[in-house]
There are 2 protein chains.
Amino acid sequence: MARAERGVRASVWLVERDTRRGARRPSPLDRERITAATVRLLDAGGLDAFSMRRLAAELKVTAMSVYWYVDTKDDLLELALDAVYGELALPEERDADWRGPLRALATEYRRLLVRHPWLPPLAGRYLNIGPQALVFARHIHTVMRRAGLPDEGVPGAISAVFRFVYGYGTVEGHFLGRVTDSGLTPDAYYRQVMDTVGEHPGTAEAVTGARDILAARGGATVADMLDRDFAFALDLLVAGIEAMAARARQQGSALEP
Amino acid sequence: MARAERGVRASVWLVERDTRRGARRPSPLDRERITAATVRLLDAGGLDAFSMRRLAAELKVTAMSVYWYVDTKDDLLELALDAVYGELALPEERDADWRGPLRALATEYRRLLVRHPWLPPLAGRYLNIGPQALVFARHIHTVMRRAGLPDEGVPGAISAVFRFVYGYGTVEGHFLGRVTDSGLTPDAYYRQVMDTVGEHPGTAEAVTGARDILAARGGATVADMLDRDFAFALDLLVAGIEAMAARARQQGSALEP
DNA sequence: ACCTGAACACCGTTCAAGT
DNA sequence: ACCTGAACACCGTTCAAGT
């Protein structure tokens with residue numbers, strides 16, 4: 001594999017690739033196949049359980065063969081990271097309004113993060129400049145620029161929405177992962193954690209509030225709660241964008257003679 | 001160390017502790033000292049570089065001594081996680097308005113995440129029911145309940161604000177970590193990444209937009225940009241909360257005769 | 001009660017060697 | 001051009017043994 005010679009090695013996506021693959025024989029290995037196997041293993045076992053050796057075993061190959069196609073484990077994870085961005089169903093770019101597409105992007109991103117709980121740590125770790133990530137970023141920019149915000153406000157508004165979704169999806173994904181590990185239903189697991197926390201002297205006080213909230217919501221499932229909170233937060237963010245856009249319009253017109 | 005006998009082992013904070021420490025002699029080891037050393041090592045080298053063996057070396061003790069005080073590495077990380085929540089300077093709870101305290105909590109949390117870039121992955125991984133985390137959570141609830149939102153909206157609004165801060169601080173912390181690794185100033189690093197990305201065929205197109213944004217902001221430093229975007233997002237969120245509260249008031253009065 | 005040493009089953013990665 | 005095997009310097013954790 002060609003190696004970057006100079007400067008900071010910032011990402012897989014910034015090193016030239018040899019074009020030497022002549023498909024000279026049907027090798028079981030290439031970057032796509034390796035990346036796909038990586039995603040499969042990450043989905044099945046999570047980030048901690050993933051190793052180059054396990055990947056090699058999955059590909060029925062010796063541990064070191066993979067290193068012909070990839071410089072380091074980090075590079076491989078960066079490839080897997082970008083690959084799953086390709087799963088996002090992106091809305092039509094020509095939509096007139098910004099609200100619908102923005103909600104669609106946020107919802108898709110949330111689903112992606114929950115489906116691949118290993119994604120958030122990687123998305124935080126690397127530069128996210130792979131082709132699929134860039135397409136996603138472009139969509140986000142296009143949509144947010146249509147919201148009527150001042151230009152300087154666009155990056156902040158994007159952060160408000162998509163850092164929120166990132167955080168929300170991260171925590172939700174971990175929660176559901178623990179649920180799976182426990183072998184219980186989400187609701188049974190939630191109740192069990194609440195009970196355990198409630199029994200413990202140091203933490204009991206903290207749950208009484210949570211219990212009240214739960215009761216006030218009238219027997220909704222955990223999944224319902226997660227959906228409702230997400231929806232409310234998204235409504236709040238859309239309302240916030242509208243308010244900031246209105247504020248900018250007012251200030252703009254106040255400056256005119 | 002006493003072990004949890006039944007149920008899902010969900011957290012260090014849910015196992016009874018023996019009260020057998022009689023301070024019978026000035027041992028160099030106890031939970032606090034071990035936790036403090038863990039935080040020190042995590043701050044210095046990050047999560048990946050941290051190991052039980054390195055920690056033991058730092059404490060001038062054999063690798064396995066630590067296991068007398070702590071069941072697993074996970075438990076230790078959970079202790080470190082909660083310990084740093086104790087660094088948060090929390091606002092007075094009796095403040096009349098909610099806006100100031102909410103901004104203060106968000107800003108403090110952002111600073112904490114950036115100061116300890118190993119914190120986000122751990123905060124995502126564990127249950128966050130340590131004593132310090134609970135104090136923080138109680139402050140958040142108290143403040144948000146004063147914003148005039150309907151009760152069912154409070155969890156969603158908390159998510160909107162603090163999942164955003166979580167995501168923002170995570171990415172910011174990683175960025176500044178890469179800056180430190182590069183040995184460059186934040187601005188030089190940022191320029192270098194932009195240049196490298198701009199030179200690369202696959203990614204070049206993506207930066208032209210970013211360059212324009214940068215130019216439109218008129219020579220601000222990277223640190224300024226991060227602060228401004230965060231401030232704008234926080235304004236947006238406060239405006240969103242106000243809008244949702246107003247909406248609830250309207251619907252409430254519309255229902256009256 | 002607290003600490004140690006040896007051992008087990010793993011890691012990522014390098015490097016020389018095979019075909 | 002692609003794949004292998006042996007080796008290096010690590011991991012977290014168990015377990016029997018020391019004081």
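Residue numbers begin at 1 in each chain, while the letters A, B, ... track the order of the sequences. As a basis for the values below, the full set of heavy atoms in this structure was taken, side chains included, without hydrogen atoms, waters or symmetry mates.
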Chemist: For a quick test of reading the model: is some side-chain N or O of W68(B) closer than 4.0 Å to OP1 or OP2 of dC3(C)?
Modeler: no

Chemist: Can you confirm whether or not the ring centre of F164(A) sits under 6.0 Å from the ring centre of F230(A)?
Modeler: yes

Chemist: Report yes if at least one side-chain N or O of Y69(A) is closer than 4.0 Å to OP1 or OP2 of dC3(D); otherwise report no.
Modeler: yes

Chemist: Heavy-atom distance under 4.5 Å between the side chains of L105(A) and F162(A), does that happen here?
Modeler: yes

Chemist: Nearest to the K73(B) side chain among dC3(C), dT13(C), dT13(D), which nucleotide is it?
Modeler: dT13(D)

Chemist: Within a strict 4.5 Å, meaning less than it, do heavy atoms of the V222(B) and L226(B) side chains meet?
Modeler: yes

Chemist: For the side chain of T72(B), counting heavy atoms from C-beta on, which of dT13(C), dT13(D), dC3(D) is nearest?
Modeler: dT13(D)

Chemist: Expressed in angstrom and rounded to an integer, what is the separation of L41(A) atom CG from dC11(C) atom P?
Modeler: 12 Å

Chemist: Should D43(A) and H116(A) count as side-chain neighbours, where that means a heavy-atom distance under 4.5 Å?
Modeler: yes

Chemist: Could you state the CG-C1' distance from D30(A) to dC3(D), rounded to the nearest angstrom?
Modeler: 15 Å

Chemist: Could you tell me how far apart F50(A) (CZ) and dC10(C) (C1') are, to the nearest whole angstrom?
Modeler: 15 Å

Chemist: Rounded to the nearest Å, what distance is computed from the CZ atom of residue R53(A) to the C1' atom of nucleotide dT13(C)?
Modeler: 9 Å

Chemist: Using a heavy-atom distance cut-off of less than 4.0 Å, which residues of residues 54-66 of chain A contact DNA chain C?
Modeler: R54(A), M64(A)

Chemist: Looking at side-chain heavy atoms only, is the closest gap between D48(B) and W118(B) below 4.5 Å?
Modeler: no

Chemist: Give none if dG12(C) has no partner; otherwise give the nucleotide forming a Watson-Crick or G-U wobble pair with it, both distances under 3.5 Å.
Modeler: dC8(D)

Chemist: For dT19(D), which nucleotide is its Watson-Crick or G-U wobble mate, given both distances must be under 3.5 Å?
Modeler: dA1(C)

Chemist: Let me know the distance between OH of Y67(A) and P of dG12(C), rounded to the nearest Å.
Modeler: 6 Å

Chemist: Nearest whole angstrom, please: distance from the C1' of dT14(C) to the CE of M52(A).
Modeler: 13 Å

Chemist: Using a strict cut-off of less than 4.0 Å between a Lys/Arg side-chain nitrogen and an Asp/Glu carboxylate oxygen, indicate whether R33(B) and D30(B) qualify as a salt bridge.
Modeler: yes

Chemist: Measure the distance from CG on D48(A) to P on dC11(D) and round it to the nearest whole Å.
Modeler: 16 Å

Chemist: Could you state the CG-C1' distance from D71(B) to dT14(D), rounded to the nearest angstrom?
Modeler: 13 Å

Chemist: For Y126(B) and D82(B): C-alpha separation, side-chain torsions, deciding distance, then whether side-chain hydrogen bond (donor to acceptor under 3.5 Å, both in side chains) applies.
Modeler: CA-CA 10 Å; Y126(B) 304 117; D82(B) 197 66; over 6 Å; no

